[in-house]
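The first residue of the sequence shown is numbered 1, and numbering continues consecutively from there. Hydrogens, waters and symmetry mates are skipped; everything else that's a heavy atom, side chains included, is used.
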Amino acid sequence: MTDPADWTHQRERSNLLALRVMRWVATTLGRRVSRLVLHPISLYFLCFGGPATTASSAYLARVLGRAPRWSERYRHVHHFAATVLDRVYLLRGQFDQFEVQATGVEHLDRVLLEGRGVLLVGAHLGSFEALRALGQARRGLRVAMVMYEDNARQINAALRAIAPDAALHVIGLGRLDAMMALSEWLDGGGVAGLLADRTLAAPPGAGAAQRARTQRFDFLEQSAAFSDGPFRLAALLRRPVVFMTGLYHGGCRYELRFAPLADFTQRPPRGPGAQAALDASIHDAMTRYVRLLEDLCRETPYNWFNFFDFWAAGDGGDAVRAGAGPDTTGVAEPGGGVRP
């Protein structure tokens with residue numbers, strides 16, 4: 001019998017090889033020619049993608065309110081392939097190949113001007129790497145990615161395969177000094193990004209601060225599970241939280257979208273109701289996050305890149321409705337990391 005760990009390592013090696021091949025194609029042929037290669041790749045994935053293709057079709061049916069046409073299914077896959085290709089150029093600092101506009105950036109600027117640092121919470125929606133274009137325009141903007149140590153190791157290897165010379169900063173949770181490193185990064189006016197649309201298990205030995213609960217919300221007309229880990233992390237560090245995504249609009253066009261989610265700078269006064277008040281604040285922030293994510297999926301449906309049954313983890317039980325109190329019956333499940 002094959003050891004599951006061996007399979008995982010084999011899959012990682014296969015993925016890294018594919019990324020190195022993609023880097024070679026992108027850097028050798030250039031973006032214009034490389035984008036032509038995306039069409040047969042997208043077509044192949046659409047025909048033989050298996051569960052991922054099925055999940056894409058099911059998501060499109062949900063967000064469009066009808067069965068997707070073949071062209072719409074293809075467009076979803078092609079959007080994903082295009083953003084993966086563009087990672088090579090964005091990570092290599094070739095920003096002149098893109099048109100990037102920013103909406104709501106004043107919400108980020110307001111916090112940064114106060115020198116507090118900020119946690120950017122995003123999703124597998126569009127391209128987080130597009131944020132590097134803003135960092136290029138604003139030379140003083142320092143961006144780090146936050147994730148669990150095991151995921152950090154995987155994504156570091158993946159990013160090195162794409163852009164070995166890129167300046168990347170990853171803060172891996174799970175180490176004793178991780179919270180201090182993150183706090184010092186934010187104290188220095190840095191920006192730290194997390195993706196909050198997947199529930200992940202914390203590593204063995206993770207502290208209580210890294211163990212989060214799964215709360216469930218109505219998302220595109222059905223219950224779905226979301227981890228409160230990123231928001232509990234922000235509350236622990238007493239930091240503001242801003243939503244961020246880099247929406248892909250086709251061709252060379254990206255839009256950075258920012259929106260305020262919460263400000264945990266001030267904690268509730270200590271007392272019998274302090275924890276309940278904090279839980280309510282976290283729930284309110286999650287409600288805003290889920291509603292914003294839902295609105296963006298309806299606005300730009302082809303930017304959603306969770307190619308699995310996102311709602312399966314939310315089956316059974318009652319969903320938390322917007323405006324309701326925190327889900328005190330939620331399943332205890334660590335989360336809040338980011339996966340490539």
*Asks:* Between R75 and E72, is there a salt bridge with N-O shorter than 4.0 Å?
*Replies:* no
*Asks:* For a quick test of reading the model, state the closest non-hydrogen atom pair linking V100 to A133 and the distance between them.
*Replies:* CG2-CB, 4.0 Å
*Asks:* If I take atom CG from residue D109 and atom CZ from residue F258, how far apart are they, to the nearest 0.5 angstrom?
*Replies:* 8.5 Å
*Asks:* Between R253 and E99 (salt bridge meaning N to carboxylate O under 4.0 Å), is one present in this structure?
*Replies:* no
*Asks:* Please determine whether a side-chain nitrogen of the Lys or Arg among R31 and D86 lies less than 4.0 Å from a carboxylate oxygen of the Asp or Glu.
*Replies:* yes
*Asks:* So, R142 side chain and G188 main chain: donor-acceptor pair closer than 3.5 Å or not?
*Replies:* yes
*Asks:* Determine whether the aromatic ring centres of residues H283 and F217 are separated by less than 6.0 angstrom.
*Replies:* yes
*Asks:* Would you call R298 and E221 a salt bridge, taking side-chain N to carboxylate O under 4.0 Å as the test?
*Replies:* yes
*Asks:* Do any N or O atoms from the side chain of S183 and from the backbone of M179 form a donor-acceptor pair under 3.5 angstrom?
*Replies:* no
*Asks:* Could you please spell out the steps behind the ring-ring contact (aromatic ring centres under 6.0 Å, His included) verdict for W304 and F219?
*Replies:* CA-CA 13 Å; W304 174 259; F219 178 63; 5.6 Å; yes
*Asks:* Kindly write out the residues that satisfy ring-ring contact (aromatic ring centres under 6.0 Å, His included) with F307, not counting sequence neighbours, or none if the list is empty.
*Replies:* H76, F80
*Asks:* Roughly how far, to the nearest 0.5 Å, is CZ of R257 from CG of L125?
*Replies:* 9.5 Å
*Asks:* Between S281 and A277 (side chain of the first, backbone of the second, donor and acceptor by atom type, cut-off under 3.5 Å), is there such a pair?
*Replies:* yes
*Asks:* Is there a donor-acceptor pair under 3.5 Å between the side chain of R62 and the backbone N or O of L60?
*Replies:* no
*Asks:* Counting heavy atoms not belonging to F308, are there more than 12 under 6.0 Å from its CZ?
*Replies:* yes
*Asks:* Quick check: are there more than 12 heavy atoms from other residues, nucleotides or ligands sitting under 6.0 Å from CZ of R32?
*Replies:* no
